[in-house]
Every structure is written in C-alpha cells, then in structure tokens.
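Note on naming: letters A, B, ... go to the chains in the order of the sequence lines (proteins, then strands), and numbering restarts at 1 for each one. All heavy atoms count here, side chains included; hydrogens, waters and symmetry mates do not.
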There are 2 protein chains.
Amino acid sequence: MNIYDISKAAGVSIATVSRVINGSSSVTEKTKQKVLSVIEEYGYTPNAFARGLGLNTMQTIGIMCPDSSDPYLADAIYYLERELRQNNYDSILCCTGYQLSTKEKYLKLLLSKRVDAVILIGSNFIEANDKNNKYIYDASKEVPVILLNGYLEGANIYSTSCDDYQAVYDAVSSLINSGIHKILYLFHSLSYSGIKKLNGYKAAMTAHNLELKEEYMQQFSGTIHETKGFLLKLREDGVEFDAIVTSDDSLAVSAIKYAKACNISIPSQLSIIGYNNSIMAECCEPELTSVDNKVETLCIQSVSTLMRVFENSNVPAKTMFSADIVKRATTRF
Amino acid sequence: MNIYDISKAAGVSIATVSRVINGSSSVTEKTKQKVLSVIEEYGYTPNAFARGLGLNTMQTIGIMCPDSSDPYLADAIYYLERELRQNNYDSILCCTGYQLSTKEKYLKLLLSKRVDAVILIGSNFIEANDKNNKYIYDASKEVPVILLNGYLEGANIYSTSCDDYQAVYDAVSSLINSGIHKILYLFHSLSYSGIKKLNGYKAAMTAHNLELKEEYMQQFSGTIHETKGFLLKLREDGVEFDAIVTSDDSLAVSAIKYAKACNISIPSQLSIIGYNNSIMAECCEPELTSVDNKVETLCIQSVSTLMRVFENSNVPAKTMFSADIVKRATTRF
DNA sequence: TTGTAGGCGTTATCAC
DNA sequence: GTGATAACGCCTACAA
C-alpha cells in the first residue's frame, strides 16, 4: 500500500495525495476529502524510510548516556524523551557504559543512523584529556551536539548545565557556618562536573581558612555496601570527620549505612549531604538532604535549545542554572 | 558523498561498491581493497534511510513503557537496550504514561516509523476489558509484539513474564507460616500482573484458612509520603495488621516510613515485603525483603525470543520464570 | 488546482 | 567477477 495505490483509488495523481498528506498548499476541499477517505479506507500510512530518504531526516534524536538505570540519568531520559516527543521527535536511546572506546563506537553508530542531533547526558562523556574528546568534535561536524551537564567549546556544540561548583561550595559553606569543620568529600569520578564539584569543595574550605587535607577528598566507586565498607576502613585508618558531602545520592545513602553500622547518630554527630535529589534521597532513613540540580529544567532547556538550533535561531552555546539544596533530615541547618 | 562518488573514485560500478560494503559475494581481493581504501579516504558512510527503503528495515525496535523514570522500568529499558544492541538493533524509546488514549496514539506513531517490532514493558499495557486491547492486536498484525510481564493471546504476540501469582503466594505463605495472620496487601493497580499478585495473596490466605477481609486489600497510588499518610489513616480507622505485602518497592518504603512514624518496630511488630527488588530496597532502613522478579532474565529472554521470531524459528508464545524472594531485614523468616 | 517527472541512495536481479 | 538497471516510496520543482 503506497502513494500510488491511493492515487489510483482516489483518481488523482500521487502529487495530490502527497499534498493532502502533508497538509500543504492548495488542494480543493473536495479532492482533499476524497483522498482522505480513501486513505482511511485502505488504512494507508506513509513510508517513513522513503520520506526520510527524500527529506534527509526521520525526526530522530540520539540520546546517549552511560547507564539508563541510574536513577538520575533515568530521570533525564524521561524528561528528554517527553520534550522531544512534544516537538515531534523520536528518541533513539544508547547506553554506552563508561569506557571511552565504547562511547566513540556508539556515537559513530548513532550518526550512521542519520539522527538529526545527539544529546549526551552527564559529564562522563567529556574527557579530561581534550584530545580524547575528538569523537564529540567529529560528531558536531555532522549534527548539533547537546551536552547535558557537560561543557565543551566548539561550533555546533551546546551545553546546558547546573552550577555544580557553586552548589557544592554552598553546601560545604552551610556546614562550615553551622560549626562543622571536618568535612569529608566523597565522589565517584573526576568527570567534567566531578571536577567542578571537587573544586567547589576546595574553594569553600579554603575560603573559610580550613586546611585542605588529601584524606578528606576520597574517590570511590562501588555498590552501596562496598562504599559503606570503604568508609568503615577510612575510620579504622584514623580519618575523623563530622560531615560527608557526596557527589551522588547513592554515595550519601552508603554514608548513612556507615553511620548506622558505627552507631553514629545523624545529624547530631554526622551530617550528610547527597547530590541529585533522586528518589533515593526519600527512601533512606533519615531522609537525605540533597542538592537538587534541576534535571527537569535542564532537559526542557536542552530540547528547547536544540529546537532553536534547528530553526537557525541565535542560540547561546552555554546555559547554566543554579542548584537548590533540599533540606531534609541529615543536616542540622 | 554517496555510493556513486565512491564507485567513480574507485573506478568500479556502484554494484561492486555495494558488494564490498555488505561483505557479500565474490569480489576480487584487489578491487575490494581498492574500494575500501577509497571509502576510508573519503570517510563515506552508507545512507541508512536509503538502505531502510530498500530493505524495509532500519534495524530498530520500539520500546514502550509508561514511565522510564520508574526504577523498575528503567532497569528493564537498560537491559533491553543492551540486548538489542548486541543483536544490532537500535531502540526507540517511547514513554506513554498510563492513559489508554496516549498508549494507543504512541503505538501507532511507533508503527508509522516502521520499527521492526515493539516491546511493551509492564502489564499496564494490558487492559482488563479486552476490547481495549485492540490497539495491541492491531499492532501485532504489522510487527511482532513482545509483552514483558503481560500476557495476551494472539498471533504474533509473545509474552515473557514472571510468575507473580506464585511469588506473592509464596511471600504471604512464608509470613503465615511464621505465625503472622493479619496481613495487609497494598497495591498500585489492577493491571494484568496486578491482578495476578492480588490473586496470589487471596489464594495464600484461603489456603491457610484465613478470612479474606476487604480491609486487608488496599489499592493506593501516590507519593511515598502520601502513601504513608494513607496507612496512618488506615490505622486510625482501626484496621490492624502485623505485616504489609506490597506490589511495588515504593509502597513498601512507604510502609517503613509509616512504621517509623508510629514507633512500630520492624520486623518484630510489623513485617514488610516489597516487590521488584529495586535499588530502593537497599536504600531504606531496615533494608527491605523484596520479591526479585528477574528483570534482567526477562529482558534477555524477550530479546532472544524476538530474534528467534525474526528467524522464523518456532517460538513459544508464552514464557514464564519463577521469582525469588530476597530476604533482608524487614521480615523475621 | 492538478499532473508529470526527476531525484533521494541503496540493494538486488540480471546479463555479460 | 563485474556492470547496467530496475525497484523501494516519497517529495517537489516545473508544466499544464
């Protein structure tokens, strides 16, 4: 069932059928109705591949993220998909894991499918060594590249992010102002935003004349229970702290488990601040004070930016939102 | 840059170029190398739309789910995408929400994009009133339909599910055998698997000669805190229970919050069993005993079933796995 | 307002 | 082993 069959059945040319389908210019109401009724009768649907071939687009955006089951990234995917669909775009999802080689491979693959743009969720895509970002620059030569919570300077690259530096700076400052000085900063990785968060911690400590100790800046990746074990080990090794600020809610949940295991009471003896304000922050006990970095806002903005890029509007290459801190029960302020 | 440009530069015909690209039949090693080097030089990538038009496939599967930010569904999406990609298929994600009209609309939309198959995650797509499932039967006339945790009988419809009935039956029986008789069953919806779970509860109670009270079968949808409020209200209204079995981990987390609020100790005074064994089960305190309904297994099986359908292998229309109960700290057994 | 014809870039079927 | 050439189904100048 194609446009020829319809044209034959309706007694018009394929051009007219096409015009009706695309609601385009001047077609007599009468012929239009005729065609529509035939289309209805035969249950005809235009072939998206043929259309794609001609128009060189299938209205599809590639969404890449390391791991769609991470609650924070899952949220982002949800909002992005919703916004894109509202603009008549489909989303091809691609979970890359955290390896550079796989990211490169999958980004190429996505481009070979001729997506109209690519959205990279999370700063894990930006490598510290800039020459490893070549795959992103390469992509930007073909389609617009949208970075969510990452930043890279380049033509056709647009980034929307949250001010992670300031967020951690504020969180740490709040703790210090409430009289807590021994603050451990626990993080997953030194991705683009990972570095900004760490710098926020450093700056806040320094600004308040507190010594920056290596032992207070700990990187760890593992399950919730492995992370708990890591903290127990730290304590055994004599590292003392009255607060833990983390780069991710799951690390903060681990911190709560750690406190439980040691009979340390929260927040009187230990304050904890998470990051992302994900569902995990509400599941734990006590409920977690967490930085809300505005995923929904970021996603809405990203898609809106992309649509404006498609329209050739003048679009800023970088947009930044400030974060909020959602106070719950793991802090005293 | 298309196949003509390459053929010209390599001094061969487009047919030969095509053969080289697709690694197909007899091409001299020499001409093959010649073509490959030209392709390399020009950085040529075949046009996926044109290929799609000819082959009538772009190796793409539509994945539908009500809400990709739900931790359980997010897991499923992750595993499905991974398995599909291993089989050289892309995934178009489509979050439909819970409204029938939207599900219908989006399923049609997906089909109009000419996906090779559709995977529906979760039993929310199966309507109790079978005539409302017409949209699924319609879809199955065009492409294979894979149901994950749902069941519908029909040609070209394949379902992979977890034995929810037995899982709840076993969970409730375990409680009863440990001496607990006042068991509240709390659930979100009466979807296909929702009904099976409820029936599992009923059967277990009946099998142990316990009265089936309406007040012990409660349906509620809301946030974690709203659900906590609902349980508090139930208690105020005089409903007494020593255990809460839920259809979803988030409900179980709410139950924990409820117990906390009433100073009821877990599990000595109140046992709680969740469902899905999602990340939430490990975040809460005490950690949640939860039914593991094997998402990863379900996803692997679903994709493998689909691939066999594509090969025209003989494939069973229905596959069912049994669930496990993961014992943590909210139960005494 | 409507129709004709060419182009989009492949793959596949023939001949040679 | 390789090369013409016809689909695949749509959109869109251009012509009528």
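- The cationic group of B:R308 does not satisfy the cation-pi geometry with B:Y158, failing either the under 6.0 Å distance to the six-membered ring centre or the 45° limit from the ring axis.
- Distance CG (A:L55) to P (D:dA13): 11 Å, rounded to an integer number of Å.
- If you check C:dG3, C:dT2, C:dA12 against the side chain of A:A15, the one that comes closest is C:dG3.
- In this structure, A:K32 places its NZ atom 12 Å from P of C:dT2, rounding to the nearest Å.
- Here B:T16 does not reach the OP1 or OP2 of D:dG1: none of its side-chain N or O atoms lies under 4.0 Å away.
- In terms of heavy-atom proximity, A:Y192 sits nearest to A:N149 at CD2-O, 4.2 Å.
- Checking each of B:N276, B:N293, B:D67 against B:Y72 for a side-chain hydrogen bond (donor to acceptor under 3.5 Å, both in side chains) leaves exactly one that passes, namely B:N293.
- Atom CG of B:N129 sits in a crowded spot, with more than 12 heavy atoms from other residues, nucleotides or ligands closer than 6.0 Å.
- As a whole-Å value, the separation of B:R19 CZ from C:dT10 P is 15 Å.
- Spacing between atom CD of B:E29 and atom C1' of D:dT2 amounts to 16 Å, rounded to whole angstrom units.
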Would you tabulate the nitrogen or oxygen pairs shorter than 3.5 Å linking the protein to nucleotides 8-10 of chain D?
unit_1: D:dC10; atom_1: OP1; unit_2: A:Y44; atom_2: OH; d: 2.3
unit_1: D:dC10; atom_1: OP1; unit_2: A:N47; atom_2: N; d: 3.2
unit_1: D:dC10; atom_1: OP2; unit_2: A:I3; atom_2: N; d: 2.4

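- Residues A:Y89 and A:F310 bring their aromatic ring centres within 6.0 Å.
- To the nearest angstrom, C1' of C:dG9 lies 13 Å from NZ of B:K8.
- Note: NZ (B:K34) to P (D:dT2) measures 14 Å, nearest angstrom.
- No side-chain heavy atom of B:I157 sits under 4.5 Å from any side-chain heavy atom of B:Y151.
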